[in-house]
Structure formats: C-alpha cells, structure tokens
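Let me begin by presenting the structure, written as structure tokens, before commenting on it.
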2 protein chains.
Amino acid sequence: MSDHAHSETERLLREARLYSTACRRATLGVLLGSDRPLSQAQIADQFRDGGFNKVSIYRTLASLVEVGLVHKAFLHKRTWHFEAAHRCSQTQCHPHFTCTRCGATFCMTEVRMPMAQGQPRGFVILRQQVRLEGYCPGCAG
Amino acid sequence: MSDHAHSETERLLREARLYSTACRRATLGVLLGSDRPLSQAQIADQFRDGGFNKVSIYRTLASLVEVGLVHKAFLHKRTWHFEAAHRCSQTQCHPHFTCTRCGATFCMTEVRMPMAQGQPRGFVILRQQVRLEGYCPGCAG
DNA sequence: AAAAAAATGCAACTTAGTTGCAAATTCTGC
DNA sequence: GCAGAATTTGCAACTAAGTTGCATTTTTTT
Ligand SMILES: [Mn+2]
Ligand SMILES: [Mn+2]
Ligand SMILES: [Zn+2]
Ligand SMILES: [Zn+2]
C-alpha cells in the first residue's frame, strides 16, 4: 500500500476508535480500492507476501463492519462479500446485480431505489438492500 | 397433510412436469402453509414421524425452485430460507424484513417496491429482491 | 406386468466461518 | 522512550450447512 493510502486508512481507523493495525489498514485499503464487493478469500489473495491469517481477516472485517466503515454487501452461495461503505447512503447501499448466466456481480451505482413505503404499523425500517438479477452485457447478446 | 392439500400439491407438481412424490408433496405443502420462509431444518421439523432425509429435502427444494414453485427467499447466516412462490410476482417477491435486535424475519407483503430503473446500457434486469432491516414491533418500543 | 426414468437414503465429504488461547502488537500515561 | 494495560493476531481444532456418489426404491410409461 502507498504511504498516502496508509495515512488515509490510518485516519479512518483513528476516527472510528479502532487500533490502527497492519491487517486493518491492508484490508480497508483493498476494499477502498475495489469497485466491487470482495470475499475474505478474494481479499486475502491481494496480499502479496506475508499475508494475514484468515481468522484475522474475518475478525478485521467484523470490526470494520461494526464501526460502519465496511458493509456486508451480500451472500453469494455461502460466502459473504464486503465493500467499503464510501459509496452508500445512511439507509441503503447501491443495488448489486448478479448475472444468472455467468454468475458475475456488479455494483449498480447508477440505479436509484426509493426507500420502501408503507411498512405495517409498529415496524421501523432503518435500511434496505436491493439485489438485481438478469443478464450482464456479455451474456445478454 | 389433508387429502385436499395432497391433491393440490399433486396438481401443482403435475403441471410442473415433476414426479409427484411423498417428499415433494410434503415439502411443498409445508411451504404453502407457511407465512414465512423456512430453512431445510425448519421444514424437516414439521415432518412428525418418518420424516425425510435431509439430502432428499435439499434435492426436493432444488427441483421446486427450478420449476418456479418455490423461491430461495434469502440467506440468513449461512442458511437458505425457502418460500412458496404463490405470493410473488414474475419480477419480484415481497420484501423480507429482519429485526436487527431479535433477529426475527417477516414477509412484508403489504410493501410495494417499484422495479429498479436506469440500469446501465447492456444489462437486462429480470428480477429484484429487497431486504429490509430495522426494529420489529416487539423491539421498537 | 415389465422396462425406463427419476427420486430417495445413507455415509462420507467439503468448506466458509467460528472459537479458545497463548503470543505479539498497539496504545496510554509517565 | 518505557512499563503496563488493552487489544489484536496466529494457530489448531472445531462447527454445521450444504454436496456428492452410489445402491435401492418409487414413480411413470408402454
Ligand atoms: Mn454499502
Ligand atoms: Mn418469493
Ligand atoms: Zn453474465
Ligand atoms: Zn425484533
């Protein structure tokens, strides 16, 4: 990670009252630089040499989610995917699209969804998450 | 299962060109009678005596999903939940609400969501799925 | 009733994610 | 900087949802 990225992740961790550790800076850096949600395995793959233990990455992700720097984006098969929260609003992330032919997933940052209206009496809706399915440009032809 | 329910599930399976078997009629019957999505384990629990092997239930669910009689509603933790498709439209199920305090999940059949608009060029959106988070009536107080 | 097609049960397996604990790192106050 | 407290990390072992291969049974077709 560059010095610039290092100080940026360090600042974010400080503000969130989290210890600034190598594993957290690296994990957050990877997610900030990704245009799509990543699984623990995909994150680990980006650590060239002397990576981190998968348990540490899982615990790092849990701490980042807890302070809101990262979101659990969705479950694909039985695997959670995570993304930095910098392109999400307080009440929802952008929708995620999965192609039912090739299985690829895309962040649909251009698609705007209004918040759900008309919840039954007594329910308080705080966040919503939208998954889209269909064919990606490569498969739609 | 009642005789009426038996003939109803049998008819649905016939129309879908699936063999009408005990495991399929029972599984479909349970889902049709449920007001919320169920996991394999929850379905199995409803088979009093002489239940079915969990592998058979999983394979039954896969066949019901394949013909569209049942939907994979959502993943909670690492567990899929299934529901009969009779209260879903062609392009989306009703939203599912999960309480972040007690963990309970509810079908929000009253909440209507418009289909996503403005997908990037080349993408074909066929279905959408909405998850809501917040506090249920019991936890909102 | 016989043959063909498909579903079922069982045991063994896979693997994402979790837990407990000892060692290492980071922070805080001097 | 340095000691001590607080927290994170790595490792090994574990958990459990879901899958696979194969022999047997059930359902459908003729
Ligand atoms: Mn997000
Ligand atoms: Mn549905
Ligand atoms: Zn595709
Ligand atoms: Zn609740």
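Residue numbering restarts at 1 for every chain, and letters A, B, ... go by the order of the sequence lines.
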Rounded to the Å, how far apart are B:Gln40 CD and D:dT19 P? 11 Å
Atom CG of A:Leu13 and atom P of D:dT7: how far apart are they, to the nearest Å? 16 Å
Determine the contact category for B:Thr60: base if any of its heavy atoms lies under 4.0 Å from a base atom, sugar-phosphate if only primed atoms, P, OP1 or OP2 are that close, otherwise nothing. sugar-phosphate
Mind listing the N/O atom pairs, protein and nucleotides 23-30 of chain D, below 3.5 Å?
from, atom 1, to, atom 2, distance (Å)
D:dT28, OP1, B:Ser20, N, 3.3

At a heavy-atom distance below 4.0 Å, which nucleotide of DNA chain C is the first touched by chain A, and which is the last? C:dA16 to C:dC27
Whole-Å distance between D:dA17 C1' and B:Leu38 CG? 16 Å
So with a 6.0 Å cut-off around CD of B:Glu110, is the heavy-atom count from everything else above 12? yes
Would you indicate what A:Ser63 reaches in the nucleic acid, counting non-hydrogen atoms under 4.0 angstrom: base, sugar-phosphate, or nothing? nothing
A:Thr105 vs A:Arg36, side chain to side chain contact (heavy atoms under 4.5 Å, CB included): CA-CA, chis, key distance, verdict: CA-CA 8 Å; A:Thr105 294; A:Arg36 64 191 61 193; over 6 Å; no
Within the 4.5 Å heavy-atom criterion, are B:Val111 and B:Val130 side-chain neighbours or not? no
Roughly, in whole Å, what's the span from NZ in B:Lys77 to P in D:dG18? 14 Å
Is B:Gln90 atom CD crowded by more than 12 heavy atoms from other residues, nucleotides or ligands, each under 6.0 Å away? no
Whole-Å gap separating C1' (D:dA17) and CG (A:Leu75): 12 Å
Separation of atom CG in B:Leu61 from atom P in D:dG18, rounded to whole Å: 10 Å
Once the angle between the rings of B:His76 and B:His81 is folded into 0 to 90°, is it parallel (under 30°), tilted (30 to 60°) or perpendicular (over 60°)? perpendicular
Starting at NE2 of B:His76 and ending at P of D:dG18, how long is that distance when rounded to a whole Å? 13 Å
Hydrophobic cluster of A:Val124, others only, ordered by chain and residue number, side-chain cut-off 4.5 Å: A:Leu126, B:Tyr135
Sugar-phosphate only, base, or nothing, as touched by B:Arg59 at under 4.0 Å among non-hydrogen atoms: base
Go nucleotide by nucleotide along DNA chain C from the 5' end; which of B:Ser56 and A:Thr79 gets its closest nucleotide reached first? B:Ser56
Expressed as a whole number of angstroms, how long is the span from B:Arg78:CZ to D:dG18:P? 8 Å
Using a 4.5 Å cut-off on heavy atoms from C-beta on, say whether the side chain of B:Leu31 contacts that of B:Leu61. yes
Kindly assign one of parallel, tilted or perpendicular to the pair A:His96 and A:His94, based on the angle between their ring planes and the thresholds 30° and 60°. perpendicular
Contact class for B:Lys54 vs. all strands (heavy atom < 4.0 Å): base, sugar-phosphate, or nothing? base
Taking all non-hydrogen atoms of both residues, which atom of B:Leu132 and which atom of A:Ala116 are closest, and how far apart? CD2-CB, 3.9 Å
